[in-house]
There are 2 protein chains.
Amino acid sequence: MINRQTSVLKALSDETRLRIMNVFITSGEALCVCEVVDALHLPQYQISKHLAILKNAGVIDVEKDGTWGYHYLITDDPLNKMLFSFLKKYLVGEVFDDDIKQLDLRLLLREEGRCVVGFVDEKELKTKIKDKVKNSQV
Amino acid sequence: MINRQTSVLKALSDETRLRIMNVFITSGEALCVCEVVDALHLPQYQISKHLAILKNAGVIDVEKDGTWGYHYLITDDPLNKMLFSFLKKYLVGEVFDDDIKQLDLRLLLREEGRCVVGFVDEKELKTKIKDKVKNSQV
DNA sequence: ATATTATATGCCAATTAGTGCATATTAGCA
DNA sequence: TGCTAATATGCACTAATTGGCATATAATAT
C-alpha cells in the first residue's frame, strides 16, 4: 500500500539500522551476524531483528554457509545503487566511524575471507588478534 | 541523544513527508502551506504537522509573509545538499509525479511569484486557471 | 471591534515499532 | 544420538507515531 521508496526509508529510520548499513557500505563485505554484533556491541537478537527488517525492505539479502549467515547489500538495482552511494557519503560521524574501527579489528580474525568464530567480547578479541599476529610471524 | 542523520532519516520515513520533500525539491520553490495542501490533496492540519516535523529535523525552514508561511529547503548545509540531490533522483514514481503536476497547476495562480489564494479544490482550480488565461489574453 | 483567512497545535484513539528475554531452529561435531 | 554454536523468532511491555477533529493564534480587512 505504500511505495517502495517510503518503505526503504522507513527501514533506515533507526540508528541501529543505519549503523548496520554503514558497516556494510564502508566495508564492502558480506558480513555474518556475529561480526555485525561485535562491530556494534549490541545483543545478537537485536542485530538479527534489524537485519530482518533491512532484508524485508529489499536492501540486503542473506546467503547461508552452514550455521553462518552472510548478509550483503543488494547492489544490482538502480534505486539501491543511488541509496548506497548517498549513504556512503552521508553516514559520517563518531558513531559510524567507531563501528568501522571495531569491524576492521573483528575482520582480522577471518581465515581465508571467512568468519570462523562467533561473538567475542572486547578483551577476548584483542587477545585473539595478538595470538594471530604471533602465529603468523612464526 | 540520537545523531543528526538518524533524526533526519526518521523525518523522511513517511510517505506524506517524502511527497512534501518531493514538491520542494523538484519545484525548487519556496511554497506556502495552502499550495502544498492543494498539490497533495491532504487536509491542512496534516500538512502543517508534517511541515513542523521536517522543520524540526532541520531540512526546511519558514519565512512568514503576513498570514502566509513560505516554507523552503535549507540548502546551505553540506549534509542537506547530499540529501536533496539524492532525493531528487530517488523520488520517482506515480505518486511523486502526480503531486508535481498538481503543484504546477496550482502555481499558475500565483501573482508576481507570490501565493494569493488559500486552498482551492480541484474544479475551482481549473475554473480559476481558465479565468486567468482569459484575462491575460484580453 | 469584529469577521475572515492562513496556519498551528492540543487532545484522543488507533496503530506501529523497539527492547528484553526466553526459546526455537538448524547445522556441525563428538 | 546428543551437544554445542550460530541465528531466528515469539511474546509481553513500553514508547513513539499518525490521523482526525476541534480549536487556538495571528494577521488582514471591514
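A donor-acceptor pair under 3.5 Å links the side-chain atoms of B/Arg19 to the main chain of B/Leu40, judged by distance alone. Remark: side-chain polar atoms of B/Lys10 are paired, donor with acceptor, to backbone N or O of A/Ser13 under 3.5 angstrom.
Not one side-chain nitrogen or oxygen of A/His50 sits closer than 4.0 Å to the OP1 or OP2 atom of C/dA17. OP1 or OP2 of D/dA8 lies within a sub-4.0 Å distance of a side-chain N or O belonging to A/Ser48. Between D/dA8 and A/His71, a contact under 4.0 Å exists linking OP1 or OP2 to a side-chain N or O. Of the side-chain N and O atoms in A/Gln46, one or more sit less than 4.0 angstrom from OP1 or OP2 of C/dG20. Side-chain N/O atoms of A/Tyr45 include none lying less than 4.0 angstrom from OP1 or OP2 on D/dT9.
Of the candidate nucleotides C/dG20, C/dT19, D/dA6, D/dA6 has the atom nearest to the side chain of A/Trp68. Considering only the side chain of A/Val33, D/dA8 comes nearest among D/dT18, D/dA8, C/dA6. Among C/dG20, D/dG19, C/dG18, the nucleotide with an atom closest to any side-chain atom of A/Ile53 is C/dG18. Candidate nucleotides D/dG20, C/dA6, D/dG10 were compared by shortest atom distance to the side chain of B/Thr67, and C/dA6 ranks first. Of the candidates D/dT7, C/dG10, C/dA27, the closest approach to any side-chain atom of A/Cys32 belongs to D/dT7.
When the P atom of C/dT19 is taken as reference, atom CD of A/Glu15 falls 10 Å away, rounded to whole Å. Nucleotide D/dG19 holds its P atom 8 Å from the CG atom of B/Leu42, rounded to whole Å. Rounded to whole angstrom, the span from the CD1 atom of B/Ile47 across to the P atom of C/dT9 amounts to 15 Å. In this structure, the CZ atom of A/Arg114 is 21 Å from the P atom of D/dA5, given to the nearest Å. C/dT25 atom C1' lies 16 Å from atom NZ of A/Lys49, rounded to whole Å. Taking atom CG of residue A/Asn56 and atom C1' of nucleotide C/dG18, one finds them 16 Å apart after rounding to whole Å. In this structure, B/Arg17 places its CZ atom 15 Å from P of D/dA16, rounding to the nearest Å. Taking atom CG of A/Asp65 as the reference point, atom P of D/dT7 lies 10 Å away to the nearest angstrom.
Taking the ring axis of B/Phe119 as reference, the NZ or CZ atom of B/Arg106 does not stay both within 45° of it and closer than 6.0 Å to the ring centre.
Contacts of B/Gln44 with the nucleic acid, taken as non-hydrogen atoms under 4.0 Å apart, include base atoms. A/Lys64 comes within 4.0 angstrom of the backbone, heavy atoms only, and of no base. Contacts of A/Val117 with the nucleic acid, taken as non-hydrogen atoms under 4.0 Å apart, involve only primed sugar atoms and P, OP1 or OP2.
Checking A/Glu15 against B/Asn3 by side-chain atom types alone, a donor-acceptor pair falls below 3.5 Å.
No more than 12 heavy atoms of other residues, nucleotides or ligands shown are found within 6.0 angstrom of NZ on B/Lys126.
Classified by interplanar angle (parallel below 30°, tilted 30° to 60°, perpendicular above 60°), the ring pair B/Phe86/A/Phe86 is parallel.
Both A/Gly69 and A/Lys10 sit near DNA chain D, but only A/Gly69 has its closest nucleotide nearer the 5' end.
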